[in-house]
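Read the numbers this way: they start at 1 and go in the same order the structure lists the ligands and their atoms. Residue numbers run from 1 in the order of the sequence given.
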Amino acid sequence: MKILVATEKPFATVAVNGIKSIIEKAGHSLVLLEKYTDVNQFYQAVADADALIVRSDKVNADVVAAAKQLKIVVRAGAGYDNLDLAACSAKNIVCMNTPGQNSNAVAELAIGMMVYMARNTFQSGTGSELKGKKLGIHAYGNVGRLVALIGKGFGMDVYAFDPFVKPEAINGDGVTAVSTIEELYSTCHYVSLHIPATEQTKNSIGYNLLSKMPKGGCLVNTARKEVINEAELVKVLAERQDLKYVTDVAASNQAELSEKFGTRTFATPKKMGAETAEANVNAGLAAANQIVQYFATGDTKFQVNK
Ligand code: 3PG
């Protein structure tokens, strides 16, 4: 089988070597399309691929139409909002993600961003410490839980809201489960976002929640920019001179945010939450193994379009 790895933002070399070895040992062949600048390169490469590994690369209806013999797509990572599940399902293409594999990298970045904002983006002036501050985890999945545990290591008082996780499981980690989203935002100095971008969550974080944050509140977004109501973010940052916003996924209006609010907002130049060699190896090798297993045994454990 031909397995295409199409990554506009490539995996570290050590991960590519690992993926190649897994694929070739199983008798398949690897084709690598890295740093492509034109989507036509993607259409061309996917045309005769049997399997596809991507990162945040968009596998939309056009890519699916170009793929003449594709059987499986694995998003090496957690969020699969870049896959058009309906288009894939219509052609019986199995879609998977690799949950948990890059979580630690994202969690460490979320905490690093809190430190960066607490220390005035490393400009002069007196900063503050994370110790003793209230940290809110919005969605207690793989990344959220790790942020909570690292935050506890910093001496933070940690709260979490997740309607899909039993409160006992959250409380069992020494984290306080809150029953409403409003309570999370009104309690916590730092709120770390870990919700996926879905039709329900898009634009869901806006004025109503952010205006409830305590004095000096900071929203930390290592999730997706689409979950933020950007116009309302501008409104609340203008009204509340004490609030801050730090993000690993630049807002569509990032230039406006920087111009209006200076160092109260910060965005990484390119999404870098999962940009560690370790995360690339974990997610990339998991993706390769899942494809090999699927072809060998039909294993669909991580399928997201069942
Ligand atoms: C994910 O959903 O796994 C992260 O957002 C990582 O995305 P990336 O592979 O594009 O860095």
Side-chain angles (χ1 to χ4, degrees), residues 4-16 18-19 32-37 39 42 51-60 63 73-85 88 95-113 137-147 150 162 164 192-202 205 219-228 246-252 254 267-291 302-305:
L4 171 68
V5 174
T7 46
E8 182 271 326
K9 188 174 64 179
F11 290 116
T13 308
V14 60
V16 175
I19 293 169
L32 203 53
L33 176 68
E34 292 181 321
K35 291 187 186 172
Y36 57 91
T37 48
V39 76
F42 193 3
L52 172 64
I53 296 175
V54 292
R55 295 185 64 177
S56 289
D57 309 79
K58 284 197 170 36
V59 181
N60 56 22
V63 174
V73 182
V74 182
R75 191 285 192 242
Y80 48 87
D81 46 306
N82 54 322
L83 309 183
D84 186 330
L85 298 187
C88 288
C95 299
M96 296 185 186
N97 65 350
T98 64
Q101 299 291 349
N102 58 16
S103 305
N104 189 65
V106 181
E108 286 189 12
L109 185 74
I111 296 283
M113 286 175 138
I137 308 293
H138 188 165
Y140 206 71
N142 292 311
V143 183
R145 180 165 188 259
L146 286 169
V147 174
I150 301 170
D162 193 327
F164 304 104
S192 194
L193 277 175
H194 303 291
I195 50 177
T198 65
E199 286 320 307
Q200 290 73 40
T201 64
K202 280 181 187 167
I205 310 299
L219 180 68
V220 182
N221 185 4
T222 54
R224 292 287 183 272
K225 71 172 182 174
E226 289 82 2
V227 302
I228 305 289
V246 60
T247 180
D248 185 34
V249 271
S252 315
Q254 197 62 44
T268 51
K270 189 149 190 164
K271 189 168 136 196
M272 60 188 300
E275 280 298 84
T276 66
E278 294 90 336
N280 282 187
V281 167
N282 292 343
L285 271 56
N289 278 320
Q290 287 172 210
I291 288 172
F302 295 104
Q303 185 172 355
V304 293
N305 63 336

J.: Write out the residue and atom name of the closest protein heavy atom to atom 11 (O) of ligand 1, then the distance separating them to 0.1 Å.
T.: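 Of every protein heavy atom, Lys9 NZ, 2.8 Å lies nearest to atom 11 (O) of ligand 1.
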
J.: Any atoms of ligand 1 less than 4.0 Å from a non-hydrogen atom of Ala274? List them with their elements.
T.: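 What qualifies from ligand 1 is 6 (C), 11 (O).
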
J.: Any idea which protein heavy atom is nearest atom 10 (O) of ligand 1, and the distance to it?
T.: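 That would be Ser56 OG, 2.4 Å.
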
J.: Less than 4.0 Å between a side-chain N and a carboxylate O, is that true for Arg55 and Glu275?
T.: yes

J.: Just let me know how Val106 lines up against ligand 1, side chain, backbone, both or neither, with a heavy-atom cut-off below 4.0 Å.
T.: neither

J.: Is Lys271 touching ligand 1 with its side chain, its backbone, both, or neither, if touching means heavy atoms under 4.0 Å apart?
T.: side chain

J.: Using the side chain to side chain contact (heavy atoms under 4.5 Å, CB included) rule, take Val73 and Tyr80 through it: C-alpha gap first, then chi angles, then the decisive distance, then the call.
T.: CA-CA 10 Å; Val73 182; Tyr80 48 87; over 6 Å; no

J.: Within the structure, does Gly79 bring an N/O atom to less than 3.5 angstrom of an N/O atom in ligand 1?
T.: yes

J.: Is any side-chain heavy atom of Thr268 closer than 4.5 Å to a side-chain heavy atom of Met113?
T.: yes

J.: Identify, by atom number and element, the atoms of ligand 1 in contact range of Gly77, meaning under 4.0 Å from any of its heavy atoms.
T.: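 It comes down to these atoms of ligand 1: 3 (O).
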
J.: Taking the side chain as every heavy atom from C-beta outward, state whether Val14 and Asn280 have any atom pair closer than 4.5 Å.
T.: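 Val14 does not reach Asn280 side chain to side chain.
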
J.: Indicate whether any N or O donor in one side chain lies under 3.5 Å from an N or O acceptor in the other, for Asp248 and Thr222.
T.: no

J.: Tell me, which protein residue and heavy-atom name are nearest atom 3 (O) of ligand 1, and how many Å apart are they?
T.: Ala78 N, 2.7 Å

J.: In ligand 1, which numbered atoms sit nearer than 4.0 Å to a non-hydrogen atom of Asn102?
T.: 1 (C), 3 (O), 6 (C)

J.: Side chains of Asn104 and Glu108: is there a donor and an acceptor less than 3.5 Å apart?
T.: yes

J.: Could you check which of Arg224, Arg75, Glu275 puts a non-hydrogen atom nearest to atom 7 (O) of ligand 1?
T.: Arg75

J.: Verify side chain to side chain contact (heavy atoms under 4.5 Å, CB included) between Val304 and Arg75, making sure each step is shown before the conclusion.
T.: CA-CA 10 Å; Val304 293; Arg75 191 285 192 242; over 6 Å; no

